[in-house]
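The structure appears below as structure tokens.
Lettering follows sequence order; numbering is per chain, from 1.
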Amino acid sequence: MDEQTRLMHSHTGVGMAGHPGLPPHMQEGTGGPDGDGRKQDIGDILQQIMTITDQSLDEAQARKHALNCHRMKPALFNVLCEIKEKTVLSIRGAQEEEPPDPQLMRLDNMLLAEGVSGPEKGGGSAAAAAAAAASGGVGADNSTEHSDYRAKLTQIRQIYHTELEKYEQACNEFTTHVMNLLREQSRTRPISPKEIERMVNIIHRKFSSIQMQLKQSTCEAVMILRSRFLDARRKRRNFNKQATEILNEYFYSHLSNPYPSEEAKEELAKKCAITVAQVSNWFGNKRIRYKKNIGKFQEEANMYAARTAVNAANASSHGSQANSPSTPNSSAGDL
DNA sequence: CATCATGATTCTTT
DNA sequence: AAAGAATCATGATG
């Protein structure tokens, strides 16, 4: 490896010939193979940097002060301003404003929709619950499953916000640092406020590209979480036997018109300890499956018909029997 | 472990 | 908006 020669090669005078308003490291295309007139060893520069001491810094400070106080300084500064005035016009054509990145907007929208990037509310879980309910739409029944989801979502949001804050802070720090630097330099070379502004824009763009990575990974995390939990809303649990009995009873006793009204659904939901939506699901499934294969359900139909008949008989004969909800082991309980 | 039952979701129809 | 139809994914079962 001849890194040394390569480095030597890449350092030429052109590095200083770039944009006057930008520090060299922010420009593209500086350096590169070039005429090797001087071939100044970059190692020398590094050496100089490494050997900077407080003393030499003080020295430099003093020299700067001396320069600033030089009697020719204002005149020189004016000349520089003039030159700058001429050159800056040709530079102005650079990309001023960029259109908002569609991908970034997509990510932002999604994070907002998931309740991640929204305003952090005190409760946290409440916000997450609202978000989950809004996105899930149907759910909101057994919160035992959702609480885990909410907890994880809150966790993700916390990480996201702390990271975002860190970036924000770093960005601000860096920006003020650079601005101070530029202001300091503006005493010896002309720097227009517009240039400083553009510099700030560049910094912000760099940092926002970092932020986008954060948003991207946050989005991925949320997606994974969703697929694991919210999609686990279809982690189906069979209704208990009693509930299916109640539902079947209603279904077969209203076989000619198995469409319970809203009130009836509520009643059934209450009796079965399930939601109205679940009752609707059940009837939807039952109707279509019954219709599809009546023969398969014939036995079941007969059974429930017989039972309701018996129940009716009991109710009528014994008069005021409030309710016999379970009738655990009656005629058709098992084969 | 293959298969069916079943609750939930999604899309289409009414 | 509600029902129908197709489909998905899991639970139960043998």
According to ring-ring contact (aromatic ring centres under 6.0 Å, His included), who are the partners of A/His254, at least two apart in sequence or on a separate chain?
A/Tyr250
Determine: side-chain N/O of A/Tyr259 to OP1/OP2 of C/dG4, distance under 4.0 Å, yes or no.
yes
Which part of the nucleic acid, if any, lies within contact of A/Phe239, taking any heavy atom under 4.0 Å across all strands shown: a base, the sugar-phosphate backbone alone, or nothing?
sugar-phosphate
Whole angstrom value for the distance that separates C1' of B/dA5 from CG of A/Leu247:
15 Å
Using a distance-only criterion (donor-acceptor N/O pair, under 3.5 Å, no hydrogens), is the base of B/dA8 paired with the side chain of A/Asn285?
yes
Whether A/Lys286 contacts B/dT6 is assessed here as follows: a side-chain N or O lying under 4.0 Å from the phosphate OP1 or OP2. Is that the case?
no
Think A/Gln278 has a side-chain N or O under 4.0 angstrom from the OP1 or OP2 of B/dA8?
yes
Donor-acceptor check, side chain of A/Arg189 to backbone of A/Leu80, threshold 3.5 angstrom: yes or no?
no
How would you label the contact of A/Lys265 with the nucleic acid (heavy atoms, under 4.0 Å): base, sugar-phosphate, or nothing?
sugar-phosphate
For this output row, return yes or no: ring centroids of A/Tyr252 and A/Phe297 closer than 6.0 angstrom.
no
Starting at atom CZ of A/Phe283, determine the distance to atom C1' of B/dG7, rounded to an integer number of angstrom.
14 Å
Whole-Å distance separating the CZ atom of A/Arg236 from the C1' atom of C/dT10:
5 Å
Donor-acceptor pair under 3.5 Å: do we get one between A/Arg289's side chain and the base of B/dG7?
yes
Ranking B/dA8, B/dA5, C/dA12 by distance to the side chain of A/Asn281, first place goes to B/dA8
Verify the contact: side-chain N or O of A/Lys291 to OP1 or OP2 of C/dA5, cut-off strictly under 4.0 Å; return yes or no.
yes
NZ or CZ of A/Lys241 within 45° of A/Phe239 ring axis and under 6.0 Å
no
Give the rounded distance in Å between these two atoms: CZ of A/Arg287 and P of C/dA2.
12 Å
A/Asn238 vs B/dT6: side-chain N/O to OP1/OP2 distance below 4.0 Å
no
Nucleotide nearest A/Trp282 (side chain, heavy atoms from C-beta), chosen from B/dG7, C/dA6, C/dA3:
B/dG7
Measure from CD on A/Glu245 to P on B/dT6 and round the result to the nearest Å.
13 Å
SB check A/Glu163 A/Lys166 (cutoff 4.0 Å):
yes
Rounded off to whole Å, could you give me the CD1-to-P distance for the A/Ile288 and B/dG7 pair?
16 Å
